[in-house]
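Read through the structure below, which is laid out as structure tokens, and then see the notes.
One-based numbering, in listed order, for ligands and for the atoms of each.
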Amino acid sequence: MNKRMRFQEASEKFIAWLERRVLFAGRGDDLDVLEVEPSGRFWLGRLAPEDAVIALGLGDRGERLDPCATGIRVRPATESPWAFQVDVSLKCWLRDQDRTWRKSETIGRTISVSIPDCDYGTYSFGAEELAEALQNLTDSDDLQCEVRVEVTKDYQGRSELTVLLVNTSREKGVKLADTNLYETSVSFNLQIDPFTLESLPDSFRYDRSVKAYGVNCGVVQEKGGTLRTADLITADRGRPTYWNVAASEPDLTFRKLSEDPMPSLLYLVEQLKGWGNEAWSEPSLTRRAKVESWSQDMLTEAKSAASDFYEEVDRVSKGLQLLTSNEALRRAFKLMNSAMAYSSGGKYDSWRAFQIGYLLANIETLIDSDSVSVADIVWFATGGGKTETYLGLLVTAVLFERLNGKTTGVTAWSRFPLRMLSLQQTQRFADAMAGAELIRRRESIKGDPFSVGFFVGQDATPNSIKPDVEPQSNDPDPDDPEMPKRYQVLLYCPFCHKETIEMGFNRRYWKLEHRCSNPDCSWEEEALPFYVVDHEIYRFLPTIIVGTIDKAASVAMEAAMRGLVGPPYGRCSQPGHGYVYAPRSQRPEGCLVPGCKGSKQRLPIKEAVFAPSFRLQDELHLLRDSLGAVDAHYESLLDYLESLTSGRRTKVLASSATLTGYQKQIDVLYDRTARVFPVPPPSTGDGFWTKESSQLARRFVAVAPRGATLEYAVDRTVTELQLAVRRLVSDPVAVCQECGIDPVFASELVSIYGVDVVYGNTLRDLDAVTRSFETQIQVEGAINSAFLTGRTQFEEVRSTLKRLEAPEPSFDERLHLIAASSMMSHGVDIDRLNIMLMLGIPLTTAEFIQATARVGRKYPGLVFVFHKIARERDAGVYRSFEKFVSQGDRFVEAIPVTRRSRRVLDKTLAGIFMARILMIHEPASGTALSTIKALRNYFRANNITADKETDEIISALSLTDELDEGLRNDLKVWMSRFFRNLDNPGDAAFPSDLCPSGKPMRSLRDVEEQAPIFGLLT
Ligand SMILES: [Zn+2]
Ligand SMILES: [Zn+2]
């Protein structure tokens, strides 16, 4: 076994040991004597007296919060009568004269159960025998319990048995201070049939059988078939592998593909076809249908999925053929591989098969303008290299466009949902473009340097830098030497990969610059080709723009946004000033450099090729509800503006964590057909592109604290985890012996399991837990903690990420605890985060999947999921926890999104119309339309009327359906009021003041609750 495998094995054992530590702490296995009340101490394995639970009056919720029963629900293989044995075991805690608590020995009994011919009923067994045992032990009759069996029928008339151990003790003991039962367990062996989960769409892909359900607990099946209650529910996910056929893997190294790609690609496509002919063939599906008792609908569904698969094979084959026949395309593909070899910085040196599959399937979009009618989604397990996958396509695209004469301008505008763009994510784009730029230079390909713009919004990075800043304002002051530092975005230099970034403001060219101070850097100019100020993005039109979705709103307010939807007006004659836009009084030639005396020059390339070729949408599934509705209007607006300025539409690429309802979502958002790569495999976890291996990636542990608050259980768990890892630091030999692992691994285990991430779905949850950390976690030495939430400041996030990536040498000085919210669930990629405590089930399953994917990225991760068990949703997940983990994607809720909302149109209309004025009318007018008077004169002179404009917006938003009648009427009314206001502006100062519904939205998130700003960047 090689070192990596041995370490994997050691990690898996260590995780199992940690889990056991937590279990024992929750139940009290290791304790026999206590100075405090056991009922206040233990939160697992205990049963409250039934009367106490009833007295609470909370019904099922109360029963879940502090249950009086635990057991297992099964479907017996035969109908009644039944006779079988149930083993129960339990302990109790007794208080001494000296007020010390002592744990009793175990009471273990085998209870005979025998149930007559019946349909329904509740039967009790062993009450006397157990009461007697308890009386002997405690010298009182305060404690009682029984085995209770409930017989019910399912909807098909088949019997179900629920076998429970119930605490029937007195609520308050006469003699005993505590009438809870502890360390309870129930087991039995009975011939059972599994339950079959309801068949949902797509069911043919999933194993629908469930052996048994736990009641207030989990169930394990031991060898020999015995079912036993479990106080923690464990579900493992294996690490995916990326080559799953017996034949050897093709050489997909960057090196090979940069030199001689075709043999490897050809081989890959052949293997895909061969695999598909097995897995998706008609005989194979028919065979499975029989064995797995599929319904006719399931079989039909499977056959239709098979045809999707064959279509995918065709696309991949077509990509191969295009690379063979189109020399420029092949050259761009090869150069892209050289660029990736550089930008990966030696971290990896080859592609995974699915990444190449995606490239082949989508490369057609670079030459076929018809493909814009389809939005292509990449759907893949997180951590599989999704970002690199579409960066591969984008780098091929930028090189191909340069080879075909697009020597300048934007190739792709990549948008992340609000709060989801991370510094690490941005860095990857910069790395990829730096690699591409070095290759461009090596190959002497003409054009501007490849560059990246970071386009997120005023509060994180500046819109512009003004020469005269008011003393009290928050605007960046060009004369303040501390100012540039605040806007550092890159973590390291994308060219030399060293942490040698320095920030500076260049007064001559009026630029806020990221610079590399490494004298050996392969980038020789002072400023890196990386722009963070909006105005610089308009001036230089970076090859790839990464930003947040809300910035689309600027198209209604900023004339220079025209560079992102079409051609600028021209270029400034002054070197280093870049593109110019609509004239304004302060900038008669439209140059955005303050006080510029230059003049407008012609554009270097044809107007029509300026518009971005691609719009990317990351985390597509988050565009839902009102944000989705608003964005749908703005996406239509962008399409409309591009078609008017450039005569074409942009290709939309997206990534999504979930596929539920994606067709409708793509239709609503983009008015395009949706297509997914890869087509999900015929059995989940077992496809050509990936397969789940037996190597543990993440262990999920469901916790439902009994008789204790969630905060308390979390405190205790963190304490236990920190105690455990601290013991590993101080006594590695003993701990390793306990776990059965080689002590050589100790310090590495300390490093990768020394940080606990506490993940809260709401800031309030997180606050409650972190407050109690300060007082409740009692371990030797300090607990160093940090936050990664929407409120965490930019610089703090950067320093926390750095500390996590390169930990201090001494354990005491490292970070031990990270309190995180959903902002860390995207793009944070740190190998040392391997333990997570999740506070409650997140609102959406997608968030669960993404958040937990932050741990266990390279090493096995351990995720404790603390259920807010009183809530129905959490209780539902808890009941089916293993399926929830193994088939999470099918639990994903459909995404609610519509574009047919009058409320939303009322919000978006001002922006849509102002954008039309700025992007279309103003350039056509040849003058500035920034004043009401100028706009009125222009409209009158050109006979532009409310009716005509209404028709334009109807076509822009495709409000042509019968169902859009209401929206069309609203639009008509709005427009005629705007034109009326134009004639009688009163004291309005600007055209945007004339909008009847108020000024344009400043950000697409205006419809949502105001979100904390710095979360944007983290
Ligand atoms: Zn450098
Ligand atoms: Zn200028």
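Between W351 and F254, the ring planes lie perpendicular to each other; the angle is over 60°, past the 30° to 60° tilted range. Classified by interplanar angle (parallel below 30°, tilted 30° to 60°, perpendicular above 60°), the ring pair F540/Y531 is parallel. Taking the six-membered ring where tryptophan is involved, the planes of Y342 and H497 are tilted, since the angle between them lies from 30° to 60°.
Here the protein contributes C493 SG, C496 SG, C516 SG, C521 SG as N, O or S atoms under 2.8 Å from the Zn ion (ligand 1). Excluding waters, the set of protein N, O or S atoms lying under 2.8 Å from the Zn ion (ligand 2) comprises C572 SG, H577 ND1, C591 SG, C596 SG.
No side-chain donor-acceptor contact under 3.5 Å links Y390 and S414. Counting only N and O atoms by type, the side chains of Q424 and E805 include a donor and acceptor under 3.5 Å apart.
Ion pairing of D639 with R615 is present here, as a side-chain N (NZ or NE/NH1/NH2) and a carboxylate O approach within less than 4.0 Å. Using a 4.0 Å cut-off between charged side-chain N and carboxylate O, D349 and K256 make no salt bridge.
Here side chain to side chain donor-acceptor pair (under 3.5 Å) pairs that include residues 554-567, with residues two or more places apart or in two chains, number zero. Every pair passing salt bridge (charged side-chain N to carboxylate O under 4.0 Å, His left out) that includes a residue from residues 495-514 is listed here, sequence neighbours excluded: D479-R507, E499-K802, K511-E513, E513-R515.
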